[in-house]
Amino acid sequence: MLDLKFIRENTEAVRKGIQQKRADDNIDAILALDNQRRTLIGEGEGLKAKRNEVSAKVGQMKKAGENADAVIEEMNTVKTRIQQLDEELKSVEEKLDELMLTVPNVPHPSVPVGATPDDNQSIFEWGEKPSAAGLKPHWDITSALGIIDFDRGSKVAGAGFPFYVGKAAILQRALINFFLDQAGERGYTELQAPIVVNKDSARGTGQIPDKEDMMYVATKDELYMIPTAEVPVTNFHRKETFEEKELPIRYAGYTPCFRREAGSYGKDVRGLNRLHQFDKVELVKFVHPSTSYDELESLRADAENLLQLLGLPYRVLLMCTGDMGFTQTKKYDLEVWAAGQQKWLEVSSCSNFETFQARRMNIKFKSKETGKQEFVHTLNGSGLALPRIVAAIIENNQTPDGKVNVPKVLQPYTRFAVIE
RNA sequence: GGAGAGGUGUCUGAGUGGUUGAAAGAGCCAGUCUCGAAAACUGGAAUAGUCGCAAGGCUAUCGAGGGUUCGAAUCCCUCCCUCUCCGCCA
């Protein structure tokens with residue numbers, strides 16, 4: 001959510017951002033409602049001031065033993081009017097809030113303007129793609145090796161909920177530990193979080209109201225199964241104010257993630273490419289506004305480092321305005337090369353939200369410079385999402401005789417070097 | 001799940017209808033004193049909205065949301081959370 005005052009004072013910049021992100025422009029309606037709102041506040045508060053003044057007088061009169069009936073009678077009409085105004089104000093503010101939620105965050109100037117994924121810029125590529133000859137997609141390999149059981153997963157839970165069996169299960173556990181250890185070395189505090197959250201938290205990171213269909217919901221208890229650790233970890237500091245010197249704060253959290261993926265079918269969903277439940281290590285930062293773009297670069301570097309250590313070829317995309325999402329000001333996607341499918345798979349998405357989330361969640365810091373409280377900037381990025389990494393490892397490291405070599409850095413964790 | 005107690009500012013903690021945005025103490029910031037510090041003394045300090053060029057004014061906020069009243073931290077209702085005891089349990 002943006003700041004009303006910011007919209008009022010930077011109307012044109014906000015409008016430009018809306019166009020670039022191809023969102024609906026409700027700015028005129030917002031400004032009109034804001035005017036109404038302020039008129040109502042003006043009248044209402046004037047009357048409240050009067051009420052407070054007269055009430056104090058009534059108290060004094062009663063103390064002095066005088067009769068205050070006439071004044072009280074007069075206040076009754078004021079009271080009614082105040083109630084009316086408050087009701088009108090409430091309805092205006094409800095409409096206003098609704099529209100405010102439709103205003104996207106303003107893209108950073110360094111972000112390329114564009115409409116579709118084709119306008120994203122590939123800004124960096126690393127590693128050598130294995131030659132494609134004779135390489136199989138991971139689902140063929142895992143089924144031959146019997147290490148991922150999609151069928152039994154369907155029986156037990158449903159499509160998109162596989163079992164990892166034996167060495168695949170150990171490989172996953174190894175990756176989680178490897179990712180968390182790396183994050184720890186790079187200054188992130190490890191956090192083990194709830195994997196369900198309440199309504200306030202779901203609202204805080206913006207999953208509701210607009211993305212409610214993306215989540216599994218335990219309706220009986222009004223709990224939402226998290227689609228990413230970003231939700232509990234960012235909400236960790238909801239409604240808190242930091243000292244400036246505490247910033248930046250960095251967390252790494254491993255959680256299972258649950259996504260309904262309603263309406264997404266087709267060939268993209270084969271094997272491990274798209275699941276309803278998957279594991280992910282998420283990196284989250286709370287930082288001083290002056291450093292947030294440097295922090296975005298280092299966040300990206302932290303995620304890239306993992307891919308380099310694993311020896312997986314990848315590329316970095318700088319997302320264009322039209323494809324970057326509603327809440328971000330700037331976003332990089334990291335895509336790993338899956339040689340068996342001859343395809344790039346997104347494994348991390350590193351974003352700066354500036355104050356967009358912090359405002360919604362009321363996360364501030366006390367500025368030394370101004371003496372005031374200001375909103376922090378929040379960032380997050382995957383570090384990394386597991387299934388597609390597993391897919392890439394299997395496809396890129398497959399041997400002609402159908403085995404899979406485990407990357408060197410993982411072997412201390414897996415305690416085996418080959419999956420066979 | 002049953003029974004009880006409670007949620008007040010950074011913290012401890014007073015306050016049960018009328019100058020209470022809120023006592024007191026601690027902590028914090030600034031100043032005086034000091035070579036410096038401590039102690040002592042003096043002063044300052046909430047957040048948001050709104051009006052104003054500004055100084056400053058006004059409004060709201062005592063877990064959250066409603067209600068009663070001329071007036072609510074104080075009374076009523078709903079919800080949330082914490083603690084204690086009992087039961088159940090990985």
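Chain naming here is simple, since letters A, B, ... match the order of the sequence lines and numbering starts at 1 in each.
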Round to the nearest Å and state the distance from [X] atom [atom1] to [N] atom [atom2].
X	N	atom1	atom2	result
A:Ile82	B:rG67	CD1	P	13 Å
A:Met100	B:rG49	CE	P	12 Å
A:Glu374	B:rA48	CD	P	11 Å
A:Lys239	B:rA64	NZ	C1'	8 Å
A:Met61	B:rG18	CE	C1'	13 Å
A:Lys199	B:rG65	NZ	C1'	14 Å
A:Lys90	B:rG49	NZ	C1'	18 Å
A:Lys366	B:rC28	NZ	P	14 Å

*Regarding A:Lys280 and the six-membered ring of A:Tyr254, is the cationic atom NZ or CZ under 6.0 Å from the ring centre and inside 45° of its axis?*
no
Distance under 6.0 Å and angle within 45° of ring axis: A:Arg300 vs A:Tyr332 = yes
Can you tell me how far [atom1] in [N] sits from the matching atom in [M], rounded to whole Å?
N	M	atom1	answer
B:rG43	B:rC58	P	24 Å
B:rA40	B:rU34	C1'	12 Å
B:rA22	B:rG1	C1'	40 Å
B:rG9	B:rG15	P	16 Å

Next item on the list: Tell me, with the steps shown, if A:Phe258 and A:His276 meet ring pair (Phe, Tyr, Trp, His ring centres under 6.0 Å).
Entry: CA-CA 6 Å; A:Phe258 300 90; A:His276 286 307; over 10 Å; no
**Asked** Should the heavy atoms of other residues, nucleotides or ligands under 6.0 Å from CD of A:Glu244 be counted, would the total exceed 12?
**Response** yes
### Message
With a sphere of 6.0 Å drawn around CZ of A:Arg38, does it hold more than 12 non-hydrogen atoms of other residues, nucleotides or ligands?
### Response
yes
So [X], base contact, sugar-phosphate only, or nothing? Heavy-atom distance under 4.0 Å.
X	answer
A:Val58	base
A:Lys62	base
A:Gln373	sugar-phosphate
A:Ala49	sugar-phosphate

Taking 4.0 Å as the cut-off, does a side-chain nitrogen or oxygen of [X] come that near to OP1 or OP2 on [N]?
X	N	value
A:Asn52	B:rA60	yes
A:Lys364	B:rA48	yes
A:Arg51	B:rA60	yes

message: Please confirm whether the ring centroid of A:Phe365 lies under 6.0 Å from the ring centroid of A:His377.
response: no
Of the candidates B:rU59, B:rG71, B:rU50, the side chain of A:Arg8 sits closest to B:rU50
Which of B:rC70, B:rG49, B:rA48 is nearest the side chain of A:Arg37? It is B:rG49
What residues 38-48 of chain A contributes to the RNA chain B interface at heavy-atom separation below 4.0 Å is A:Arg38, A:Ile41, A:Glu45, A:Lys48
*Side chain A:Thr142, main chain A:His138, donor-acceptor under 3.5 Å*: yes
Do A:Arg250 and A:Leu283 make a side-chain contact, defined as non-hydrogen atoms from C-beta onward lying under 4.5 Å apart? no
